[in-house]
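Some notes on the structure that comes next.
Quick note: numbers below take in every heavy atom, side chains included, and nothing from hydrogens, waters or symmetry partners. All residue numbers refer to positions in the sequence shown, counting from 1.
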Amino acid sequence: MISNQLYNQVLMSGLDSMVFVMRVEEEYNFYYEFLNDLAMDKANLTGEVIGKELRDVLSYEQSVYLHKKYTEAVKANSAITYEDLFHSNSKNGYITETKLTPLFNEQGNCSHIVAVVRDITDVKKAEKTREDSKKRLETSKQRYKSLFLENADAIFSVDYNGRLVELNNAFELLFGYKREDLINQVAFKFVNSQLKRKLKKHFVQTLRKEPQNFEVNTHNGNGDEMDLDVTMTPIVMEGKVTGVYVIIKDMTEQRNAERTLSKNEERFRMIAESSHDLITLVDGQGVISYASPSYRHVLGYFPEHYIGQSLLHNLHEEDFNTVLDAFERAKELGSPISLEFRQYHQEKEWLWFELQAKPIYADDGQFHQMVVVTRNISERKAYEEQLKLFAYHDPLTELPNRRLFQSNLIKHIADYQKGEKGFAVMMLDIDNFKSINDEFGHDIGDQVIKEFGRRIQDSLRESDFVARLGGDEFIALLTNINSKQDALEVIHRIQRVIEDEWDVSGEELEVTTSIGVALPDSSMVSDEELIKFADSALYEAKSSGKDTYQLTTIV
């Protein structure tokens with residue numbers, strides 16, 4: 001028979017799991033009765049805890065959690081298993097699986113709970129690794145689908161012997177063949193003998209790990225002529241070439257347009273010479289090779305002045321990078337250019353122009369020149385600026401409107417939150433303005449509003465900002481306001497200016513103003529809150545008898 005001593009050795013040090021035996025007392029109190037060596041080591045406990053209650057040994061958080069679990073096992077009258085994050089005495093956390101088994105006495109009452117805690121960290125890591133691998137595989141599949149199956153260019157792959165392995169939808173559309181008629185067929189059988197020799201030559205070079213790019217002229221399954229840009233890339237598996245990926249771009253339309261333009265260059269010159277727009281040809285180095293006669297009329301310089309000059313000649317230096325970047329991008333990608341820039345006029349100085357340009361390529365696919373058509377849009381830009389002025393300014397006073405004021409205020413609040421100097425928002429209106437309108441008419445009223453806005457603006461500093469909200473209401477952003485005294489100085493200055501004599505179209509008037517000021521005392525203040533509090537302060541000022549002011553601080 002196995003001795004009690006051997007049993008104790010097995011329990012204490014012969015298991016690779018932590019073992020806790022807890023005695024169950026009334027009212028769900030749990031006392032340590034046994035724990036093996038591993039449990040003491042991992043949980044940073046000693047034999048001194050034997051006989052102590054769970055809550056007297058562990059931290060509050062740990063004891064509440066374990067007490068709940070032990071109670072659950074007692075009430076269930078059966079074993080329960082759960083996973084948890086366990087922290088050892090080395091401060092390292094790992095994932096454990098704990099099985100709580102209730103033991104019953106002769107009366108059928110739960111007398112003990114046996115807790116066996118097993119480290120499952122490696123198992124969980126392995127599960128996560130499998131899940132991550134599965135996600136990466138799915139992502140790779142989606143990328144493959146986007147890059148291969150749904151690509152706008154025709155793509156297919158062939159094995160080492162030139163047999164078609166797979167092809168995308170664009171290939172079927174371009175060549176007019178069905179997928180099922182091509183798979184496992186030798187790709188070269190679908191082309192004529194002259195083209196077959198060329199393709200085989202490039203195919204062999206690709207199998208030698210030398211990617212190829214070339215152009216061919218051929219026919220599709222419907223007999224239509226096509227100009228194609230072909231790229232061959234080797235498929236390398238474990239260091240060995242197993243096949244070739246082929247990407248085909250349909251260049252037919254572009255090449256036809258380029259050939260047409262090249263053949264009709266003289267016609268182009270005739271058109272250019274009668275055009276009112278600037279028509280320019282620029283070579284690959286960005287040098288102007290042709291300038292239309294319209295240069296003389298549009299810019300005041302003879303076209304010969306530009307021949308041999310850089311495409312940046314007489315352009316505003318702030319537009320250099322924009323024009324150069326667009327030119328280089330168009331050369332590389334074959335895409336057209338559309339942009340706006342400033343160009344110097346011999347008499348009128350800087351004018352705005354809109355540029356439309358298209359790269360032209362020779363039959364061998366090399367960049368030939370850029371055709372640039374430029375139109376004077378100075379009047380349009382001036383109109384756009386006028387529209388922008390209308391959108392952000394009051395038409396009567398020409399002061400900024402509420403939209404522009406609020407935008408400026410938001411920026412100022414952001415600076416204030418970064419620790420910049422204080423500020424205040426001031427709201428003003430004209431006392432008894434309705435009486436002025438009623439007695440003297442709206443024309444006089446409009447003149448009063450304009451003069452009122454001018455006087456406020458003249459009273460403020462250059463860094464301050466005043467706007468008209470509507471009617472006789474104005475609002476101002478006061479900068480560098482760090483105390484109520486700073487705000488009072490501005491208020492008194494405005495009052496003195498408003499109190500000066502008023503002579504409007506021969507009518508002598510007495511005009512006063514009520515003022516409300518909001519000073520922020522918190523970095524969390526918003527633009528809407530500031531305007532609201534300034535408006536409330538103005539209301540209080542008018543309620544106090546007008547021709548006065550009210551200050552409020554937002555906390």
Distance, nearest 0.5 Å, that separates CG of Leu404 from CZ of Arg402: 13.0 Å

side-chain hydrogen bond (donor to acceptor under 3.5 Å, both in side chains) between Asn480 and Arg461, intermediate numbers included: CA-CA 10 Å; Asn480 297 324; Arg461 299 155 297 182; over 6 Å; no

Test item: Leu488 and Leu551 side chains (from C-beta on) under 4.5 Å apart, heavy atoms: yes

Donor-acceptor contact below 3.5 Å, side chain Ser292 vs main chain Ile279: yes

Aromatic ring proximity, centroids under 6.0 angstrom, His316 and Phe341: no

Charged tip of Arg375 within 45° of Trp352 ring normal and under 6.0 Å: no

Any donor-acceptor pair under 3.5 Å from Glu53 side chain to Arg55 backbone: yes

Point-to-point distance, once rounded to the nearest 0.5 Å, from CD1 of Ile410 to CG of Asp527: 4.0 Å

Carboxylate-amine/guanidinium proximity below 4.0 Å for Glu97 and Arg118: yes

Which residues share a side chain to side chain contact (heavy atoms under 4.5 Å, CB included) with Asp429, sequence neighbours left out: Asp431, Asp472, Glu473, Ser514, Leu538, Lys542

Tyr70 OH to Leu66 CG distance, which is reported to the nearest 0.5 Å: 5.0 Å

Student check: side-chain heavy atoms of Thr374 and Asp277 closer than 4.5 Å: no

Salt bridge present between Glu489 and Arg493 (N-O < 4.0 angstrom): no

Check against side-chain contact (heavy atoms from CB on, under 4.5 Å), Lys450 and Glu398: CA-CA 9 Å; Lys450 289 174 67 175; Glu398 297 184 357; over 6 Å; no

Trace of the side-chain hydrogen bond (donor to acceptor under 3.5 Å, both in side chains) decision for Ser407 with Tyr392: CA-CA 10 Å; Ser407 175; Tyr392 290 99; over 6 Å; no

Main-chain N/O of Thr553 paired to Asp521 side chain as donor or acceptor, under 3.5 Å: no

Residue pairs passing the salt bridge (charged side-chain N to carboxylate O under 4.0 Å, His left out) test where at least one lies in residues 279-303, sequence neighbours excluded: none

Sub-4.5 Å side-chain heavy-atom contact between Phe452 and Ile456: yes

Euclidean distance, Met370 CE relative to Phe327 CZ, rounded to 0.5 Å: 4.5 Å

Test: Lys75 cationic atom under 6.0 Å from Tyr28 six-membered ring centre, within 45° of axis: yes

Parallel, tilted or perpendicular, as decided by the 30° and 60° cut-offs, for the rings of Phe423 and His412: perpendicular

Min side-chain heavy-atom separation Leu477-Met426 under 4.5 Å: no

Stepwise side-chain contact (heavy atoms from CB on, under 4.5 Å) check, Lys69 with Tyr82: CA-CA 9 Å; Lys69 289 295 183 182; Tyr82 63 91; 3.9 Å; yes

Sidechain N-carboxylate O distance under 4.0 Å for Asp394, Arg468: yes

Sub-4.5 Å side-chain heavy-atom contact between Ser505 and Ile444: yes

Considering all heavy atoms, the nearest Ala424-Leu519 contact: CB-CG, 4.0 Å

Partner of Tyr361 by side-chain contact (heavy atoms from CB on, under 4.5 Å), out of Gln366, His368, Gln254: Gln254

Check against side-chain contact (heavy atoms from CB on, under 4.5 Å), Thr513 and Ile430: CA-CA 5 Å; Thr513 180; Ile430 302 171; 6.0 Å; no

Which atom of Phe367 lies closest to which atom of Gly284, heavy atoms considered: CE2-CA, 3.4 Å

Minimum heavy-atom distance Ile120-Thr96, with the two atoms named: CG1-C, 3.9 Å

Between OG on residue Ser435 and CZ on residue Phe440, distance to nearest 0.5 Å: 10.0 Å

Phe533 atom CZ, neighbour heavy-atom count above 12 within 6.0 Å: no

Check: Ile155 main-chain N/O paired with Asn168 side-chain donor or acceptor under 3.5 Å: yes

Side-chain ion pair, Arg454 and Asp458, N-O less than 4.0 Å: yes

Near-ring test Tyr295/Tyr306, centroid separation under 6.0 angstrom: yes

Sub-4.5 Å side-chain heavy-atom contact between Leu324 and Leu312: yes

Working for side-chain hydrogen bond (donor to acceptor under 3.5 Å, both in side chains), residues Lys546 and Asn432: CA-CA 9 Å; Lys546 303 180 182 180; Asn432 304 313; 2.8 Å; yes

Residues Lys124 and Glu127 bridged, charged N to O under 4.0 Å: yes

Presence of salt bridge, Lys434 and Asp438, under 4.0 angstrom: yes

Test item: Glu439 and Glu507 side chains (from C-beta on) under 4.5 Å apart, heavy atoms: no

Derivation and outcome, side-chain contact (heavy atoms from CB on, under 4.5 Å), residues Tyr65 and Asp84: CA-CA 10 Å; Tyr65 178 75; Asp84 190 15; 3.4 Å; yes

Asp486 side-chain N/O to Asn482 backbone N/O, donor-acceptor pair under 3.5 Å: yes

Separation of Trp502 CH2 from Glu451 CD (nearest 0.5 Å): 5.0 Å

Glu340, CD atom: more than 12 neighbouring heavy atoms under 6.0 Å: yes

Pairs touching residues 313-323 that satisfy salt bridge (charged side-chain N to carboxylate O under 4.0 Å, His left out), sequence neighbours left out: Glu318-Arg342, Asp319-Arg342

Pair Lys128 + Asp132, salt bridge at N-O below 4.0 Å: yes

Pi-cation contact, Tyr416 with Lys421 (under 6.0 Å, within 45°): no

Side-chain heavy atoms of His305 within contact of Asn314, under 4.5 Å: yes

side-chain hydrogen bond (donor to acceptor under 3.5 Å, both in side chains) assessment of Ser543 paired with Glu540: CA-CA 5 Å; Ser543 299; Glu540 290 181 20; over 6 Å; no

